[in-house]
Amino acid sequence: MAVIQKYGKKYSPDLGCHTESHPADKVGAPGGQKKWPERNNYWSRPVARVWTVVLLLGTCLLYCARVAMPICAVSMAEQFNWTKRESGMVLGSFFWGYCFTQVFGGYVSDRVGGEKVLLLSAAAWGSMTAFTPILAHFCSQPIISMTLARFLMGLLQGVHYPSLASLCSQKVVESERGFLMSTVGSGSYLGTLVIGGAGSLMLDLYGWQSVFYASGLLSVLWAYCMWKHLLRGEGPIITLESLGSGGSQSTMSKRHWLRLLKQPAVCAVIVTHLCAASTFFTLLSWLPTFFKDTFPDAKGWVFNVIPWLVAIPSSLFSGCLSDHLISQGYDTASVRKLMQFFSMGVSSVFTLLLCGNTTFPWAVAFVSATMGFTTFSHSGVSLNVQDLAPSCAGSLFGVLLVYFSGYLIETTGSWTSVFALITAVNLLGLCTFLVFADARRVDIDPSKVHHHDIHL
């Protein structure tokens, strides 16, 4: 879809929608000639705005449920006598579960629709979050029950972002994807902000159990409202027939997948997102503990809130900036690389500053700058997957695993070594992306492109 963006504002939206094979292509004029997919496959602007708000709220609640454990980890460790290693095992188990359903979530979303997968998963992980305190108290070994609960949470939440990528590539025009994805992506920082502020207060007033109850029940309520008002009560049924039919997406053969994965640009996206996810989730999980260990007298609502207050406008700004640059005719690949440079390059500078001896205000400032620049990734590598392969964006996004996250969490020695390692991983991903990233479509077979297609 980004094939023709180098021509700026003059590209044809209809040509930009071309896919290798589409069920609608087989219905057309006599003679078996294929029809181009129509623009009305995309959401209208008012509908897109409604979905943007709903998905923003859903992502916010996703992170409220996800960050509940890091927020409560110190209190739970004191109550259940967990060591740092045991706390790391509980925190890391989420990410080991998270990586297993990424591919599956993208595969299913590309075939039955991302909205159905989002609905079912939200109802499941919301219920799991609400039941977490019950599992902790009614099990003789809380460390085992919490590790398994977090692993299941990771399995259930692993489909969220692949489903978003699939839904966005199917329903949102290219010129508005940056705004939608950055806006929806800012929900992760809004959720962390809400659970960091309100959750810290609830933790002090009502205990750590209240944090799980509130975030879990609100998530289930969101899933119900989405089902009732946006899906009009339609049953989110996923059948084996729908999985095999390919839905509205192109059917990718094994040969096409092998060709796709041999593309340097695709490998660059995989490596870059792997590095970005590893560093972000490591910071997300351990920053509350870092501040508690380094600044014992610091207020939780301060260091759990201020960085995310910075991250939200930063994420929105990055999306508007990338869309503006592309609309002005700048090369899509160059814009994606610029956004990723801010996300992984500039943010690493502030991460390294945490290695030295700092005061609490400076530590909060450095973390805020780190998280603020990290949000630019929503307009960089996160969107690049839709440039390369919009017809299978969900499945391709699912390949972007976070295997290193659990390893990084469990092997933390000193905070200095952790921050230095995070910087090294960031720079590895950034260099890979800057050298090999591209924005030309690679999910269509060049031999099947007709003479009226646009080539670069």
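When a residue number appears, it is its place in the shown sequence, counting from 1. No hydrogens, no waters, no symmetry mates; every other heavy atom, side chains included, goes into these values.
For S109 (side chain) and G114 (main-chain N/O), no donor-acceptor pair under 3.5 Å exists by modelled atom type. Checking side-chain atoms of S166 against main-chain N and O of S163 turns up no donor-acceptor pair under 3.5 Å. The main-chain N or O of V54 is found under 3.5 Å from a side-chain atom of W222 such that the two form a donor-acceptor pair. S314 places a side-chain N or O within donor-acceptor distance of the main-chain N or O of G372, the cut-off being under 3.5 Å. Panel note: side chain S322, backbone G319; a donor-acceptor pair is recorded below 3.5 Å. In terms of modelled atom types and a separation under 3.5 Å, the side chain of T358 and the main chain of L354 share no donor-acceptor contact. With hydrogens and angles ignored, the 3.5 Å screen pairs a side-chain donor or acceptor of S368 with a backbone N or O of V364. Checking side-chain atoms of T272 against main-chain N and O of G429 turns up a donor-acceptor pair under 3.5 Å. Here the side chain of S334 pairs no donor or acceptor atom with the backbone of Y330 at under 3.5 angstrom.
Note that the CH2 atom of W308 and the OG1 atom of T375 stand 10.0 Å from one another [nearest 0.5 Å]. For the atom pair T423 OG1 and L352 CG, the distance stands at 3.5 Å (nearest 0.5 Å). How far CZ of F280 is from CD1 of I422: 11.5 Å, rounded to the nearest 0.5 Å. For the atom pair CD (Q340) and OG (S347), the distance works out to 9.0 Å, reported to the nearest 0.5 Å. Residue L164 holds its CG atom at 10.0 Å from CH2 of W51, rounded to the nearest 0.5 Å. Atom CG of residue L321 and atom CZ of residue F376 lie 6.5 Å apart, to the nearest 0.5 angstrom.
Side chain to side chain, S186 and S315 fail the donor-acceptor criterion of an N or O pair below 3.5 Å. The closest side-chain donor-acceptor pair between T183 and T52, if any, does not fall under 3.5 angstrom.
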Table please: side-chain donor-acceptor pairs of residues 153-160 below 3.5 Å, with sequence neighbours left out.
unit_1	atom_1	unit_2	atom_2	d
Q157	OE1	R66	NE	2.9
Q157	OE1	R66	NH2	3.3
Q157	NE2	L62	O	3.3
H160	NE2	T59	OG1	3.2

Considering only distance and modelled atom types, tabulate donor-acceptor pairs under 3.5 Å from the side chains of residues 188-198, sequence neighbours left out.
unit_1	atom_1	unit_2	atom_2	d
S188	OG	G185	O	2.6
Y189	OH	H378	NE2	3.2
T192	OG1	S188	O	2.7

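The two residues M344 and C275 make their nearest non-hydrogen contact at CE-CB, 3.9 Å. The two atoms that bring V367 and P307 nearest to each other are CG1-CG, 3.8 Å, heavy atoms only. The heavy-atom pair separating N426 from S348 by the smallest distance is CB-OG, 3.2 Å. Contact between N304 and P288 at its shortest, heavy atoms only, is OD1-CG, 3.8 Å. Here the closest non-hydrogen pair linking K337 and L434 is NZ-O, 3.0 Å.
Under the 4.5 Å side-chain criterion, counting only non-hydrogen atoms from C-beta, L180 is in contact with C168. Looking at heavy atoms from C-beta onward, L325 lies in side-chain contact with L338 at the 4.5 angstrom threshold. Side-chain contact between R336 and I326 is present, with at least one heavy-atom pair separated by less than 4.5 Å.
The aromatic rings of F303 and F291 lie parallel to each other, with less than 30° between the two planes, well short of the 60° mark. Classified by interplanar angle (parallel below 30°, tilted 30° to 60°, perpendicular above 60°), the ring pair F373/F342 is parallel.
Other residues, nucleotides and ligands contribute at most 12 non-hydrogen atoms within 6.0 Å of the CZ atom of F341.
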Next item on the list: Run the numbers on F419 and F366 for ring-ring contact (aromatic ring centres under 6.0 Å, His included), then give the verdict.
Entry: CA-CA 12 Å; F419 294 137; F366 293 152; over 10 Å; no
Next item on the list: Give the C-alpha distance, both sets of side-chain angles, the deciding distance and a yes or no for side chain to side chain contact (heavy atoms under 4.5 Å, CB included) between E115 and L230.
Entry: CA-CA 10 Å; E115 65 278 6; L230 283 184; over 6 Å; no
